[in-house]
Number of protein chains: 2
Amino acid sequence: MTTPRPDWAAPEQSAGFLLWRVTLAWQRAMRAALARHELTHVQFVLLASLLWLESRGDPPSQQRLADFVGIDPMMASQVLRKLADRGLLVREVDPADSRARLLRLTPVGRALAAVALTDVEKADAEYFGVLGGDRADFVRSLSALSSFAQR
Amino acid sequence: MTTPRPDWAAPEQSAGFLLWRVTLAWQRAMRAALARHELTHVQFVLLASLLWLESRGDPPSQQRLADFVGIDPMMASQVLRKLADRGLLVREVDPADSRARLLRLTPVGRALAAVALTDVEKADAEYFGVLGGDRADFVRSLSALSSFAQR
DNA sequence: GACAGAAGATATGCGCGCATATTGTATGTA
DNA sequence: TACATACAATATGCGCGCATATCTTCTGTC
């Protein structure tokens with residue numbers, strides 16, 4: 001166990017490190033696509049998910065949105081406050097539970113989310129386009145890992 | 001463009017967001033495997049890569065190691081300084097270029113890298129084990145993305 | 001030899017991922 | 001009613017990813 005292992009020392013030959021680097025590259029692509037909207041990639045995910053949730057039910061709480069997106073409730077709290085400061089959404093106290101904050105997009109926020117969505121979709125399609133026909137298999141593998149590796 | 005898109009609003013149905021979440025889960029697995037060695041996942045990658053590079057040539061500079069691993073030279077500089085403070089490696093001025101710092105593992109650092117390597121390998125194999133026979137295809141897809149999405 | 005440009009290292013600052021602790025509120029049970 | 005427990009939100013702190021600026025040193029060309 002004292003001899004170096006080529007398959008670990010060389011990141012490009014390990015699935016884990018490939019995963020890591022590919023994700024970083026994807027995040028850079030997202031950042032580039034969202035830069036002109038003054039949105040970070042987490043801000044966008046929260047806005048887009050809120051758009052989706054709003055369209056089919058009551059306004060969600062911060063907690064519910066964070067669970068839905070799969071990010072840390074702490075992060076969600078901070079990011080949502082900034083988005084509220086920018087006037088993209090409002091955080092109002094839940095009348096049924098004064099601990100919770102209900103989220104509601106403003107018209108400005110709704111419009112921004114919709115426009116950013118098209119840019120992100122284009123960047124995403126371009127990024128994964130190189131996989132060609134293997135894309136379905138790739139996504140299936142990701143799903144298998146994702147369902148296995150629940151937090 | 002003002003109607004929500006289910007495939008984007010629901011992260012688990014988008015390849016990009018799947019990628020993101022799976023990578024976060026992998027990083028958590030790495031963190032757990034490395035916790036008892038008091039190593040972060042980036043610290044480990046640097047140590048293991050240094051182990052590999054040392055075994056087959058002259059000691060690399062910080063820049064060369066950062067390039068090899070694929071991380072930011074800035075991060076590498078900070079992390080390597082901490083590792084040097086812990087006595088796991090030494091950073092000596094390159095006699096051929098007084099700007100560069102040459103990296104050399106200490107015996108303690110070499111031993112720690114080797115032990116941590118076994119834990120990480122086990123965790124990694126366990127993590128990707130759920131892919132079963134699809135693992136090769138998955139890694140091939142990752143490689144395609146990786147080579148395409150060079151920084 | 002003198003100069004401009006490139007490269008290695010560092011500092012600063014912001015956003016994200018996560019762990020921990022604290023406060024206030026909503027539940028359960030006695 | 002009183003209390004313990006659980007939960008939503010917040011604050012703090014650390015490590016990472018990255019952009020920008022600065023300083024020093026090397027290398028090119030004249």
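Quick note on labels: first sequence line is chain A, next is B, and so on, each numbered from 1. Note that these values count all heavy atoms, side chains included, but never hydrogens, waters or copies made by symmetry.
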Visitor: Between Asp85(B) (CG) and dG15(D) (C1'), how many Å, whole number?
Guide: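 Those two atoms, CG and C1', are 16 Å apart.
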Visitor: Grouping I, L, V, M, F, W and Y whenever their side-chain heavy atoms are under 4.5 Å apart, do Met75(B) and Leu65(B) come out in a common cluster?
Guide: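 The answer is yes; both residues are in one hydrophobic cluster.
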Visitor: Give the nucleotide from the list dA19(C), dT25(C), dG17(C) with an atom nearest to the side chain of Met74(A).
Guide: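 Between dA19(C), dT25(C), dG17(C), the one nearest the side chain of Met74(A) would be dA19(C).
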Visitor: Ignoring backbone atoms, test whether Arg101(B) places a side-chain nitrogen or oxygen under 4.0 Å from the OP1 or OP2 oxygen of dA7(C).
Guide: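 Looking at the OP1 and OP2 atoms of dA7(C), neither is under 4.0 Å from any side-chain N or O of Arg101(B).
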Visitor: Considering only dC18(C), dC16(D), dG17(C), which nucleotide approaches the side chain of Val42(B) most closely?
Guide: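 Given the options dC18(C), dC16(D), dG17(C), the side chain of Val42(B) is closest to dC16(D).
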Visitor: Between C1' on dA11(C) and CG on Asp72(B), what's the gap in Å once rounded to a whole number?
Guide: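 So the two atoms are 13 Å apart, to the nearest Å.
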Visitor: Dump the intermediate steps for salt bridge (Lys or Arg N to Asp or Glu O under 4.0 Å) on Glu54(A) and Arg110(A), then the final yes or no.
Guide: CA-CA 10 Å; Glu54(A) 266 196 348; Arg110(A) 205 182 323 273; 2.8 Å; yes
Visitor: Any chain of hydrophobic side-chain contacts (each under 4.5 Å) joining Leu50(A) to Val90(A)?
Guide: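 Different clusters.
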Visitor: To check you understand the geometry: which heavy-atom pair defines the closest contact between Leu47(A) and Ala113(A), and what is its length?
Guide: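 Looking at all heavy atoms of both residues, the shortest contact is CB-CB, 4.1 Å.
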Visitor: Between Arg31(A) and Arg91(A), name the one whose nearest nucleotide on DNA chain D is closer to the 5' end.
Guide: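 Residue closer to the 5' terminus by nearest nucleotide: Arg91(A).
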Visitor: Does a side-chain N or O of Gln63(A) approach OP1 or OP2 of dA9(D) to a distance below 4.0 Å, or not?
Guide: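 For dA9(D), OP1 or OP2 has a side-chain N or O of Gln63(A) closer than 4.0 Å.
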Visitor: Counting only side-chain N and O atoms of Arg28(B), is one of them less than 4.0 Å from OP1 or OP2 of dG17(C)?
Guide: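 So the side-chain polar atoms of Arg28(B) never come under 4.0 Å of the phosphate oxygens OP1 or OP2 of dG17(C).
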Visitor: Angle class for the Trp26(B)/His41(B) ring planes (parallel below 30°, perpendicular above 60°, tilted otherwise)?
Guide: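 Rings of Trp26(B) and His41(B): perpendicular, over 60°.
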Visitor: If I take atom CG in residue Asp97(B) and atom C1' in nucleotide dG28(D), what distance separates them, rounded to the nearest angstrom?
Guide: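 My rounded result for the distance is 15 Å.
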Visitor: Closest heavy-atom contact between Asp119(B) and His37(B)?
Guide: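 Asp119(B) and His37(B) have their closest heavy atoms at OD2-NE2, 2.7 Å.
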Visitor: Between dG15(D) atom P and Leu46(B) atom CG, what is the distance in whole Å?
Guide: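 My rounded result for the distance is 14 Å.
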Visitor: Just checking Arg64(B): base, sugar-phosphate only, or nothing, at a heavy-atom cut-off of under 4.0 Å?
Guide: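 Nothing, no heavy atom under 4.0 Å.
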Visitor: Using a 4.0 Å heavy-atom cut-off across all strands, classify Gln27(B) as base, sugar-phosphate, or nothing.
Guide: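 No contact.
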Visitor: Rounded to whole angstroms, how far apart are CG on Leu65(B) and P on dG8(C)?
Guide: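 Spelled out: CG on Leu65(B) to P on dG8(C) is 13 Å.
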Visitor: Heavy atoms from C-beta onward define the side chain here; which of dA9(C), dA26(C), dC18(C) lies closest to that of Ser61(B)?
Guide: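 Looking only at heavy atoms from C-beta outward on Ser61(B), the closest nucleotide is dA9(C).
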Visitor: Quick check on DNA chain C: between Gln43(A) and Pro95(A), whose nearest nucleotide comes earlier from the 5' end?
Guide: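 It is Gln43(A), whose closest nucleotide lies nearer the 5' terminus.
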Visitor: Of the nucleotides dT12(C), dT12(D), dA26(C), which one has an atom closest to the side chain of Gln78(A)?
Guide: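 Closest nucleotide to the Gln78(A) side chain: dT12(D).
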Visitor: Under the 3.5 Å rule, do the base of dC7(D) and the side chain of Arg99(A) count as making a donor-acceptor pair?
Guide: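 Per atom types, the contact qualifies.
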Visitor: Look at the side chain of Trp20(B) and decide which nucleotide, out of dG15(D), dA11(D), dG17(C), has an atom nearest to it.
Guide: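 Nearest to the side chain of Trp20(B) among the choices is dG17(C).
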Visitor: Tell me whether the side-chain N/O atoms of Ser98(A) come closer than 4.0 Å to OP1 or OP2 in dA8(D).
Guide: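 Ser98(A) to dA8(D) OP1/OP2: no side-chain N or O under 4.0 Å.
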Visitor: Could you state the atom-to-atom distance from CZ of Arg81(B) to P of dC16(D) in whole Å?
Guide: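 Between P of dC16(D) and CZ of Arg81(B): 13 Å.
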Visitor: Starting at the 5' end of DNA chain C and moving along, which residue's nearest nucleotide shows up first, Thr40(A) or Ala96(A)?
Guide: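 With Thr40(A) and Ala96(A) compared, the 5'-side residue is Thr40(A).
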Visitor: Round to the nearest Å and state the distance from Arg21(B) atom CZ to dC16(C) atom P.
Guide: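 Arg21(B) atom CZ is separated from dC16(C) atom P by 17 Å.
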Visitor: Quick one: Met75(B) CE to dC14(C) P, roughly how many Å, whole number?
Guide: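 About 18 Å, once rounded to whole Å.
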Visitor: I want to check one thing: is the phosphate of dC14(C), taken as OP1 and OP2, less than 4.0 Å away from some side-chain N or O of Lys82(A)?
Guide: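 Checking dC14(C) against Lys82(A), no side-chain N or O comes under 4.0 Å of OP1 or OP2.
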